[in-house]
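All of these numbers come straight from a predicted model, not from anything done at the bench.
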Amino acid sequence: MRVLGVDPAAAGPTGYGIVESDGRRCRVLYYGALKVAAGRRKNSEGAALERVHALLCRLIEDFSPDAMAVESVFTALNMRTALRLAEVRGVVLLAAAQHNLGVHSYAPREVKASVAGHGHADKRQMQMMVRALLSMNETPEPADAADALAVALCHLQTEQVRRRFGLPGPNVLAKPRARSAQAGSTTILI
């Protein structure tokens with residue numbers, strides 16, 4: 001299984017990493033971080049979003065991942081940062097949808113717990129654990145790239161557990177209970 005991990009960022013670099021697993025071992029295929037120059041961002045508000053979208057489309061086309069794993073929006077951010085991060089995350093989801101690629105979201109603490117063993121690991125601990133788990137010769141830099149690799153590893157571990165124990169896929173929902181219709185309410189499915 002091949003996973004494209006993405007660590008979207010509001011102002012800093014957006015990390016990305018491609019990890020492949022044969023079920024026993026994981027190996028890194030490609031990783032990095034995209035930082036859009038402040039001057040370019042200042043000239044056009046959509047420049048950073050356009051660059052992230054183009055990069056992800058190219059990665060999807062070049063590496064043909066089976067899934068995309070994305071770090072979810074951290075809720076303790078201030079409103080302005082959260083909105084910028086949501087814009088970047090939207091572009092990430094758009095690139096996946098345009099290539100019919102399934103997306104799986106993981107909370108930052110969930111990623112840290114999966115990779116480092118506890119949900120409060122710092123950036124350096126995450127970098128060292130990613131290096132060890134992927135048998136890398138050097139520590140992945142920048143930290144945003146290591147975070148993206150960690151998100152991909154989190155997804156691979158989650159999928160391995162799901163398959164080993166025969167758990168339903170993430171898109172399988174519990175059977176809803178019958179509800180009485182309320183007057184004046186309408187549900188539209190698109």
Side-chain angles (χ1 to χ4, degrees), residues 1-10 12-36 46-73 85-108 110-112 114-115 126-127 129-173 190:
M1 178 175 216
R2 190 176 285 183
V3 178
L4 168 56
V6 182
D7 178 29
T14 292
Y16 56 88
I18 311 267
V19 177
E20 187 173 65
S21 175
D22 62 4
R24 292 178 184 234
R25 281 176 276 189
C26 294
R27 70 183 183 114
V28 63
L29 299 179
Y30 191 73
Y31 69 94
L34 173 68
K35 181 157 178 81
V36 178
L49 299 176
E50 181 181 38
R51 294 278 313 273
V52 169
H53 182 265
L55 170 71
L56 292 176
C57 287
R58 191 177 79 241
L59 290 172
I60 293 167
E61 291 163 6
D62 290 351
F63 290 95
S64 302
D66 300 301
M68 181 186 285
V70 182
E71 191 169 88
S72 59
V73 176
L85 185 56
E87 289 173 346
V88 176
R89 196 167 188 281
V91 168
V92 170
L93 298 177
L94 174 63
Q98 288 174 328
H99 291 85
N100 297 315
L101 187 61
V103 178
H104 306 271
S105 293
Y106 297 94
E110 185 178 4
V111 173
K112 291 176 180 183
S114 175
V115 173
M126 291 299 290
Q127 286 176 293
M129 287 305 299
V130 166
R131 177 181 177 173
L133 290 170
L134 292 172
S135 303
M136 298 173 75
N137 294 328
E138 54 191 38
T139 303
E141 292 287 347
D144 306 284
D147 289 347
L149 292 169
V151 175
L153 284 168
C154 178
H155 178 69
L156 287 167
Q157 291 173 3
T158 300
E159 276 300 297
Q160 188 175 19
V161 167
R162 187 187 66 75
R163 290 177 181 172
R164 180 176 290 150
F165 294 105
L167 300 173
N171 296 330
V172 177
L173 302 174
I190 299 175

(request) Could you grab the distance from atom CG of Leu56 to atom OH of Tyr16, nearest 0.5 Å is fine? (result) 9.5 Å
(request) Ignoring hydrogens and angles, state whether a donor on the side chain of Glu159 or His104 is under 3.5 Å from an acceptor on the partner side chain. (result) no
(message) Once rounded to the nearest 0.5 Å, what's the spacing between atom CG of Leu4 and atom CG of Leu101?
(response) 7.0 Å
(request) Quickly, which of Val92, Val52, Leu49 forms a side-chain contact (heavy atoms from CB on, under 4.5 Å) with Glu87? Name it, please. (result) Leu49
(message) I need the minimum non-hydrogen distance between Met129 and Val115, along with the two atoms involved.
(response) CE-O, 3.4 Å
(request) Find the distance between CD (Glu61) and CD (Gln98) and round it off to the nearest 0.5 Å. (result) 9.5 Å
(message) Minimum heavy-atom separation for Ser21 and Gly23, please, with both atom names.
(response) OG-N, 3.0 Å
(request) Report the distance from atom CZ of Arg89 to atom CG of Asp7, rounding to the nearest 0.5 Å. (result) 11.0 Å
(message) Within the supplied structure, the quantity of interest is the number of heavy atoms (other residues, nucleotides, ligands) at a distance under 6.0 Å from Tyr30 OH; does it exceed 12?
(response) no
(request) Any pair with a residue in residues 13-33 that passes salt bridge (Lys or Arg N to Asp or Glu O under 4.0 Å), sequence neighbours left out, goes on the list, sorted by first then second residue, please. (result) Arg2-Glu20, Glu20-Arg27
(request) Taking the side chain as every heavy atom from C-beta outward, state whether Leu134 and Cys26 have any atom pair closer than 4.5 Å. (result) yes
Please tabulate, one pair per line, all N/O donor-acceptor pairs under 3.5 Å involving side-chain atoms of residues 140-158, not counting sequence neighbours.
| from | atom 1 | to | atom 2 | distance (Å) |
| --- | --- | --- | --- | --- |
| Glu141 | OE2 | Gln127 | NE2 | 3.4 |
| Asp147 | OD2 | Lys123 | NZ | 2.5 |
| His155 | ND1 | Tyr106 | OH | 2.6 |
| Gln157 | OE1 | Ser114 | OG | 2.4 |
| Thr158 | OG1 | Cys154 | O | 2.8 |

(message) Quick check for you: to the nearest 0.5 Å, what is the distance between Arg51 atom CZ and Thr14 atom OG1?
(response) 10.5 Å
